[in-house]
Amino acid sequence: MNLVNLESVSHAYGPKPLLSDLSLGVEAGERIGVVGRNGGGKTTLLAVISGEVKPDSGRVTHNRGLRIGVLSQQDTLDPGLSVRETVLGGRAEHEWAGDQGVREILANLIGDLDLESKVSELSGGERRRTALAKLLIDEHELIMLDEPTNHLDIEAIAWLAGHLATRKSALVVVTHDRWFLDAVSTRTWEVVDGKVERYEGGYAAYVLAKAERARIAQAAEERRQNLMRKEIAWLRRGPPARTSKPKFRVDAAQALIANEPPARESVELVKFATARLGKTVYDLEDVTLHAGGPGSGPMVLDACTWQFGPGDRIGLIGVNGSGKSSVLRLLADTVQPDTGRVVRGRTVRLAHLSQELTELDPTRRVLETVEEIRKYIQVGKREWTASQLLERLGFKGEAQWKVVGELSGGERRRLQLLRLLMDDPNVLLLDEPTNDLDIETLNELEDLLDGWPGTLILVSHDRYFLERVADRCVALLGDGKLSMLPGGVDEYLERRAAGTALTARLASTPTPSSTAPATSSPTATPSGPSAKEERELRKELSRLERQLDKLAGQEAKLHEQMATAASDYEKLGSLDAQLRDIQTQKDTIEAEWLETADRLGE
């Protein structure tokens, strides 16, 4: 049963048609991911489906009484209301507090906010999360979300994907987060040239299906060209000889990537990076760092020792406020550690993309602002001009001659990133580089970074981009350490979940002040470990954590040695065997840590 139907719908802004003669529908329970270039009509499509915008022509019909929940990119919250009033309305506390679903939404989206604070006091990201919580708490047959993962960290994005996948509501979501698309979508719509191309499955299925369509189209074009050549030959030579018809075999998706090389030539890139950087890039030696300066704000690092080597491509993960940007600023030398020291290689040529947009001359042209840095750059084995790189990152044709003052925030961010790359750095620190980039531009950026030789440290809530660009992940888990994550984002989420569960169990364990009075029966048996047992378990946890830190240091040194011996395959084999041995030890110790933590929380 269709909840919404579009019949021959067209809509334009000015001379540009965004939707052209569309006929489609949204079925009950269907989960649709909408993709396409920025400015291509995705948001307009959502507004037409929801009824917020009336199309220029055609008809949009809704089921009678259809309840639609919309999260748009514009903030519509009443600044005079409190967070509680905005999200929970007139619900009595006993009513919502007894609802597990409501408690879960509040905890995962606005658990860090004071429910009595005014909306006017919130930041843009906090208002966005408040609006999303309000929408999810209400009941709807159709939920429409425009970029819902903005301002959410990886953990919250994973929770939201799981939550939406279990709801009975139909869903239409516009997002550039490809992991999120794969996690929630059962169908993908691509808005392109005023039309909507429909694909079954999430983002991965969409990519494969689109590639297969392109392959079939190419085969059809080749067949047409062959027939034309034969026709021309017949006109010249007379009646053609008898020929068998060409046969084209349509293979499964695996055939599309059978001969595709790896995204990056890792050994060659590490070798090149070592030649540009030497052996030392960054060494952190017993570094203690607070987010607000020496001794103020949350602790980010506590006597932490770590090494970043040539050719490392590291994704830095942590919840919002864990200090990821502070670590990047520490490496960029814009903040100093409380104690300890940061050793920087002499040949480091740094480029730091922060979350703040650097001021650009608003009167200059886009191409001029890039060419003033450099007109040509070597990326991998190819030389690129400033104009060619601008085109790859979405500035096509006349867009390169736009005045900087007319650019949107997303366009300025792309321009800032390109200016950094044109300066030919050998170390890149990227803080949320994917903000406001569409999927096509993300693909171009990923391809560009694949051939870039140097050390890359990346902070991003875009899980797909993180896993695509980084070779390994490191986490800030709130213990003052940089923790290796051999299992990537999945391991991070597991460790976060285990830590949250442990904290909850400890919080529910009675403290000495809340235990039964001394007159209680002497035969009463405590439900958890005694105070002495708890101390011993905590000592054991500390011992295991020190072992994990030591192994992480050994692992980092092995990675450095492997980079140095990039051309010595015999030595690489020996170092790789040592690395696997260390990873086996880590797996064993992590299992012991989890077992000890469970005993502590019994």
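A quick note: this is a predicted structure, and the numbers were derived from the prediction, not measured.
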Next on the checklist: Would you say His461 and Asn320 are linked by a side-chain donor-acceptor pair, where the criterion is simply a distance under 3.5 Å?
Outcome noted: yes
Next on the checklist: Tell me whether Arg187 forms a cation-pi arrangement with Tyr199, defined as NZ or CZ under 6.0 Å from the six-membered ring centre and within 45 degrees of its axis.
Outcome noted: no
Checklist entry - Do you see a donor-acceptor pair shorter than 3.5 Å between the side chains of Ser72 and Asp146? => result no
Contacts table for residues 44-54: side-chain donor-acceptor under 3.5 angstrom, sequence neighbours left out:
{"from": "Ser50", "atom 1": "OG", "to": "Leu46", "atom 2": "O", "distance (Å)": "3.2"}
{"from": "Ser50", "atom 1": "OG", "to": "Ala47", "atom 2": "O", "distance (Å)": "3.1"}
{"from": "Ser50", "atom 1": "OG", "to": "Glu52", "atom 2": "N", "distance (Å)": "3.4"}

Checklist outcome for this item: To the nearest 0.5 Å, atom CD1 of Ile157 lies from atom CG of Asp462 at 7.5 Å
Item to check | Electrostatic pair Glu446:Arg178 at N-O distance under 4.0 angstrom | outcome: yes
Checklist entry - How many angstroms lie between atom CG of Leu81 and atom CG of Leu77, to the nearest 0.5 angstrom? => result 8.5 Å
Item to check | Heavy atoms from other residues, nucleotides or ligands near NZ of Lys168 exceed 12 (cutoff 6.0 Å) | outcome: no
Next on the checklist: Whether Arg472 and Asp312 form a salt bridge (side-chain N of Lys/Arg under 4.0 Å from carboxylate O of Asp/Glu) is what I want to check.
Outcome noted: yes
Checklist entry - Are the side chain of Thr149 and the backbone of Leu152 linked by a donor-acceptor contact shorter than 3.5 Å? => result no
Checklist entry - Which distance, rounded to the nearest 0.5 Å, do you find between the CZ of Arg67 and the CG of Leu3? => result 11.5 Å
Checklist entry - For the side chain of Thr188 and the backbone of Gly201, is there at least one donor-acceptor N/O pair under 3.5 Å apart? => result yes
Next on the checklist: Quick one: does any side-chain atom of Thr441 pair with a main-chain N or O of Gly394 as donor and acceptor, under 3.5 Å?
Outcome noted: no
Item to check | Pair Glu190 + Arg198: basic N to acidic O under 4.0 Å | outcome: no
Next on the checklist: Under a 3.5 Å distance rule, please check whether Ser185 uses its side chain to pair with a backbone N or O of Asp182 as donor and acceptor.
Outcome noted: no
Next on the checklist: Has Lys42 got a side-chain atom pairing as donor or acceptor with Val34's backbone, closer than 3.5 angstrom?
Outcome noted: no
Next on the checklist: Tell me if the aromatic rings of Tyr203 and Tyr464 count as close, with their centers under 6.0 Å from one another.
Outcome noted: yes
Checklist entry - Does a donor on one side chain and an acceptor on the other come within less than 3.5 Å for Asp56 and His11? => result yes
Next on the checklist: Is it true that, when you exclude Glu116 itself, more than 12 heavy atoms of the residues, nucleotides or ligands shown sit nearer than 6.0 Å to its CD?
Outcome noted: yes
Item to check | Carboxylate-amine/guanidinium contact Asp153 Arg496, below 4.0 Å | outcome: no
Next on the checklist: Quick check for you: to the nearest 0.5 Å, what is the distance between Arg414 atom CZ and Phe395 atom CZ?
Outcome noted: 4.5 Å
Checklist entry - Under 4.0 Å between a Lys/Arg side-chain N and an Asp/Glu carboxylate O for Asp447 and Arg468? => result no
Checklist entry - Hey, which of Asp75, Thr86, Thr76 is the one that makes side chain to side chain donor-acceptor pair (under 3.5 Å) with Arg127? => result Asp75
Next on the checklist: Please check this pair: side chain of Asp423 against backbone of Ala351, looking for a donor-acceptor N/O pair closer than 3.5 Å.
Outcome noted: no
Next on the checklist: Using modelled atom types and a 3.5 Å cut-off, is there a donor and acceptor pairing between side-chain atoms of Arg419 and backbone atoms of Thr369?
Outcome noted: yes
Item to check | Euclidean distance, Leu393 CG relative to Leu448 CG, rounded to 0.5 Å | outcome: 6.5 Å
Item to check | Side-chain donor/acceptor of Lys118 to backbone N/O of Pro79, under 3.5 Å | outcome: no
Side-chain donor-acceptor pairs of residues 328-335 under 3.5 Å, sequence neighbours excluded:
{"from": "Arg329", "atom 1": "NH2", "to": "Ser326", "atom 2": "OG", "distance (Å)": "3.4"}
{"from": "Asp333", "atom 1": "OD1", "to": "Gln336", "atom 2": "NE2", "distance (Å)": "2.8"}
{"from": "Thr334", "atom 1": "OG1", "to": "Arg329", "atom 2": "O", "distance (Å)": "3.1"}

Next on the checklist: Ignoring hydrogens, what is the shortest heavy-atom contact between Leu493 and Arg463? Give both atom names and the distance.
Outcome noted: CD1-NH1, 3.6 Å
Checklist entry - Taking the side chain from Lys324 and the backbone from Gly318, do they hold a donor-acceptor pair closer than 3.5 Å? => result yes
Item to check | Euclidean distance, Glu121 CD relative to Leu113 CG, rounded to 0.5 Å | outcome: 11.0 Å
Checklist entry - Can Trp179 and Glu467 be counted as having a side-chain donor-acceptor contact under 3.5 angstrom? => result no
Check residues 481-489 and write down every donor-acceptor pair under 3.5 Å in which the side-chain atom is one partner and the other belongs to a residue at least two apart or another chain.
{"from": "Lys481", "atom 1": "NZ", "to": "Asp302", "atom 2": "O", "distance (Å)": "3.0"}

